[in-house]
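Input: a single structure, listed below in structure tokens.
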Amino acid sequence: MRTIGLLRFVTLAAVVSAAATAFAQSRGAYIGYAYPAGGQQGATFPVRLGGQGLDGVHAVHFTGSGVTAKIVDYFGRIGPQDMDLLREQMNEFRKIERRGGKLDETQQKIRSRIEQRMAEYVNRPASASLSLLTLIEVTIAPDAPPGPREIRLVTARGLSNPLVFHVGQYPEVVRRPMKTSELQVLGKEEAALRRRPPDEVEQRVSIPCVANGQIASGEENRYRFEAKKGQRLILDCQARNLIPFIADAVPGWFQPVLAVYDASGKEVAFNDDNDFRPDPAIVFEAPHDGEYVVSITDAIYRGREDFVYRLTIGEIPYLTGVFPLGGKSGEPFKAEMRGWNLDQARLLLPPADSPPGIYPVCAAVESTRSNRLLFAVGDLPESFDQEPNNDPAHAQDVALPQIVNGRIDRADDWDVFRIKGRAGEALVCEVFARRLESPLDSVLELIDATGKTIGFNDDHEDAGAGINTHHADSYLTATLPADGEYYLRIGDAARRGGPEYAYRLRVGPPRPDFELRVVPSTVAVQRRSAATVTVHVLRKDGFKGDIRLALKDAPDGVSAAPVTLGAAQDMVRMSIRNERARSGDIFPLRIEGVAKAGDREIARTAVPAEDRMQAFLWRHLVPSEQFVAMVPDFSSGASKREAPPPMELPKPDPSKPAAQPQFTKAQVAGRLRQLRALFDAWLLTDEFYQVKVAECEALK
């Protein structure tokens, strides 16, 4: 029986090791969640990251300033046979204690680590890509700017993918981390449900605060807090914005639901999304003094360790909208803001000389910052819609080209603009609303003076929309059939409206242009070698020209041969070569594309992105903050623990026939690797390791 068990171990160990190696080589380091996904300024706290291919993790890389971290521990994959070995090791410790002995410092350390690994062990995880754990300790400087960052793990093979990590301003409450979720078996789903102790279901908190949690399958989290009558309270949940897409979930992301109850259990507020945003937010005025409870669940009671949330609770500044949604570069920006608790607030807009683009803006109350919204900066003349302009008889004249800043002020409102054109002229009409956090689901219609429809569009797919799955902004092009006046109507597809239903409408001749995305946002480039990335082009207003791609401002010794992205191509591969950068170096990269559109030369920097899938099918290019490269340092993951000398085996009796080998050399080598991995992870003592290695040697 001992031989059969050993054979099963070495065979499975070899298969698992080969599979893990193949995955690591093909996919690289991957992190699926970070918990908690942020912390308060001035705090030091533990963070748990789950992923795959994280062997040799030795450092943490953050974008921005004021955030540092160190690696505390790494829990690699272990299987049932590894657990058998760990139980044997624990039995050896018990034998020592039963004989009246005491464990030395090293033995105590190893026993503690084994107890940790046994407590975390899951034989069949719900998601293998989340099951390897890295524990880090994060320190946020008191003056670290609040807001989102990106976190990556640094491994021997390179950098992991990025995840969002927030620097917060309020005290943080962190629930106990979840154990890796069990695989759910059809008909036995209840066996995989998390059984949280009753005293962990509800937590009492003091507001303002940020509550951090993970939702398990079938689970509800509750937070109890006190409020005074008339307090204008914000409950803002971040979940999908932390982990945009979960490939094997339907819907393809964590869908939180919030409900608030008073002390009598009466529901006083509810939200399962924030209008078009899947992440819910509740704003309500406390009806009376007393205790309130907020509950958070998944909409269909799914759950797993990557269902991570950050729930901000308190009487805090909160933006619900700005108007206009943008302004012209080179001119001072002015905008009004709407929201809660903004009496003493000022709106922080981009500098007047900001180049065209989309920028985050927020409200500030002294040193406290609100949530962020988006503000567009353009380079065309700008104007505002003027009511009444609800029909052709009252249409507002618009000179071309122009950006009109407007609002669909009320339900079933339409804004109508009069355009003068000539036969054969090309006209482009484009709405920027949902892309700028407006709830407007626009509809555009172009009609001639007789009322005949020349062009119509409701939703226009935008490959650069990132995590937005409803392409609600309209876009139409038309060739005008005759000289004369035309009317452009804009409204909401669901006939809704209000002060928050703002838009920016671009009207004018085509402006051929393009955007670039480079995937992945992280690349590993060995010295005297090359790595390949994919550059995608998003063509605009009929642009069909060639684009010359080149690496710009790269470190000394890092280069890329220029590549041309042809007019018929939507993507191209680009090879980045490293001749001098040293092992362990981490540096930003920038790819620039240059093209001609008529007499105009266009230069665009490729936005780093990650290719992500949601709900088993749909793929998205999710923008990230930084395109970063690393030169792998394979020595960084090398073992720092010195193995004991081999145990001397008894010499075979020459008078007896030699036993036939029962195991192949590959099987024995596989088990030796597994033993060494457990030894390097400080899960086996020197003595126990020597014995087990000797057993393997005897099988050769």
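Contact check for V67 versus V167: side-chain heavy atoms found under the 4.5 Å cut-off. With a 4.5 Å cut-off on side-chain heavy atoms, V174 and F45 do not count as touching. Looking only at side-chain heavy atoms (C-beta outward), I215 and R304 stay at 4.5 Å or farther from each other. Contact check for E285 versus Q231: no side-chain heavy atoms found under the 4.5 Å cut-off. Looking at heavy atoms from C-beta onward, F245 lies in side-chain contact with H620 at the 4.5 angstrom threshold. At a threshold of 4.5 Å between non-hydrogen side-chain atoms, the residues V210 and L311 do not count as touching. Between N371 and C362 there is no side-chain heavy-atom pair separated by less than 4.5 Å. Using a 4.5 Å heavy-atom threshold, the side chains of Q626 and H61 count as touching.
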Passes salt bridge (Lys or Arg N to Asp or Glu O under 4.0 Å), R496 versus D275? Steps please. CA-CA 12 Å; R496 301 182 303 171; D275 203 340; 3.6 Å; yes
Show your working on side-chain contact (heavy atoms from CB on, under 4.5 Å) between I591 and T605 and close with a plain yes or no. CA-CA 6 Å; I591 293 174; T605 297; over 6 Å; no
Could you please spell out the steps behind the side-chain contact (heavy atoms from CB on, under 4.5 Å) verdict for I403 and L505? CA-CA 5 Å; I403 289 181; L505 172 61; over 6 Å; no
Kindly indicate, with the supporting measurements, whether the criterion salt bridge (Lys or Arg N to Asp or Glu O under 4.0 Å) is fulfilled by E172 and R310. CA-CA 9 Å; E172 304 257 340; R310 285 174 60 81; 3.0 Å; yes
Apply side-chain contact (heavy atoms from CB on, under 4.5 Å) to residues L135 and F75 and explain how you reach the verdict. CA-CA 8 Å; L135 309 181; F75 290 173; 4.3 Å; yes
Using side-chain hydrogen bond (donor to acceptor under 3.5 Å, both in side chains), reason through T139 and T44 one step at a time and then give a plain yes or no. CA-CA 4 Å; T139 298; T44 297; 3.1 Å; yes
Would W253 and Q614 count as a side-chain contact (heavy atoms from CB on, under 4.5 Å) if you check the C-alpha gap in whole Å, the side-chain angles of each, and the deciding distance to 0.1 Å? CA-CA 7 Å; W253 51 82; Q614 59 108 350; 3.8 Å; yes
Chi angles and distances behind the salt bridge (Lys or Arg N to Asp or Glu O under 4.0 Å) call for D379, K328: CA-CA 5 Å; D379 57 3; K328 185 180 179 182; over 6 Å; no
Starting from the C-alpha separation in whole Å, work towards a yes-or-no answer on salt bridge (Lys or Arg N to Asp or Glu O under 4.0 Å) for R619 and D611. CA-CA 7 Å; R619 308 199 73 90; D611 183 357; 3.0 Å; yes
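Paired with V628 under the rule side chain to side chain contact (heavy atoms under 4.5 Å, CB included), one option of L589, V523, T63, I586 passes, and it is I586.
Between Y223 and Y309, the ring planes are perpendicular. Angles over 60° get that label, and only those under 30° would be called parallel. Using cut-offs of 30° and 60° on the angle between ring planes, the pair F333 and F375 is perpendicular.
For K179, the NZ atom sits in a packed shell: over 12 heavy atoms of surrounding residues, nucleotides or ligands are nearer than 6.0 Å. Annotation: Q344, atom CD; neighbour count of heavy atoms from other residues, nucleotides and ligands within 6.0 Å does not exceed 12. Crowding of E366 atom CD: a count of heavy atoms from other residues, nucleotides or ligands under 6.0 Å not exceeding 12. More than 12 heavy atoms of other residues, nucleotides or ligands sit less than 6.0 Å from atom CZ of F270.
With N341 contributing its side chain and R232 its backbone, the two residues share a donor-acceptor pair below 3.5 Å. No donor-acceptor distance shorter than 3.5 angstrom exists from the side chain of D306 to the backbone of Y33, with no hydrogens or angles considered. For E291 (side chain) and D262 (main-chain N/O), no donor-acceptor pair under 3.5 Å exists by modelled atom type. Counting only distance, with no hydrogens or angles, the side chain of D279 and the backbone of A239 share a donor-acceptor pair below 3.5 Å. Judged by distance alone, with hydrogens and angles left aside, the side-chain atoms of N274 form no donor-acceptor pair with the main-chain N or O of R277 at under 3.5 Å. The backbone N or O of K229 sits less than 3.5 Å from a side-chain atom of D289, completing a donor-acceptor pair. Looking at D473, its side chain does come within 3.5 Å of a backbone N or O of R434 through a donor-acceptor pair. The backbone N or O of Y318 lies less than 3.5 Å from no partner atom in the side chain of S370, so there is not a single donor-acceptor pair. Judged by distance alone, the side chain of S295 and the main-chain N or O of R222 form no donor-acceptor pair under 3.5 Å. Within the 3.5 Å criterion, the main-chain N or O of V201 finds a donor-acceptor partner in the side chain of R175.
The pair E430-R504 does not meet the salt-bridge criterion, since no charged nitrogen lies less than 4.0 angstrom from a carboxylate oxygen. Ion pairing between a basic and an acidic side chain is recognised when a charged N comes within 4.0 Å of a carboxylate O; R152 and E625 show no such pairing. Salt-bridge formation is detected for the pair E200/R176: a Lys NZ or Arg NE/NH1/NH2 atom is positioned less than 4.0 Å from an Asp or Glu carboxylate oxygen. Using a 4.0 Å cut-off between charged nitrogen and carboxylate oxygen, D513 and R604 count as a salt-bridge pair. Salt-bridge annotation for D462 and R435: present, with a side-chain N of the basic residue lying under 4.0 Å from a carboxylate O of the acidic one. No salt bridge links R495 with D441; every basic N to acidic carboxylate O contact stays at or beyond 4.0 Å.
No side-chain donor-acceptor contact under 3.5 Å links E610 and S624. Between the side chains of E382 and N405, at least one donor-acceptor pair of N or O atoms lies under 3.5 Å. Counting only N and O atoms by type, the side chains of Y292 and R224 include no donor and acceptor under 3.5 Å apart. Side-chain contact of Q41 with D143: a donor-acceptor pair under 3.5 Å is absent, judged by distance alone. Inspection of the R149 and S65 side chains reveals no N or O donor paired with an N or O acceptor under 3.5 Å. S217 and R302 form no side-chain donor-acceptor contact under 3.5 Å, judged by distance and modelled atom types alone. Between Q402 and S383, the side chains place a donor N or O and an acceptor N or O closer than 3.5 Å (distance only, hydrogens not considered). Side-chain contact annotation: T297 with E220, donor-acceptor N/O pair under 3.5 Å absent.
Aromatic rings of F276 and H470 (six-membered ring for Trp) have centroids beyond the 6.0 Å cut-off, not under it. For F432 and Y503, the distance between ring centers is not under 6.0 angstrom.
To the nearest 0.5 Å, the span separating CD on Q169 from OG1 on T312 amounts to 9.5 Å.
Applying the ring-ring contact (aromatic ring centres under 6.0 Å, His included) test to H460 and every residue at least two apart in sequence or in another chain returns Y475.
Nearest heavy atoms, L319 versus A363: CD1-N, 3.8 Å. Minimum interatomic distance between V322 and L374 (heavy atoms only, all atoms of both residues): CG2-O, 4.3 Å. Closest non-hydrogen pair, V173 versus V205, comes out as CG2-CG1, 3.8 Å.
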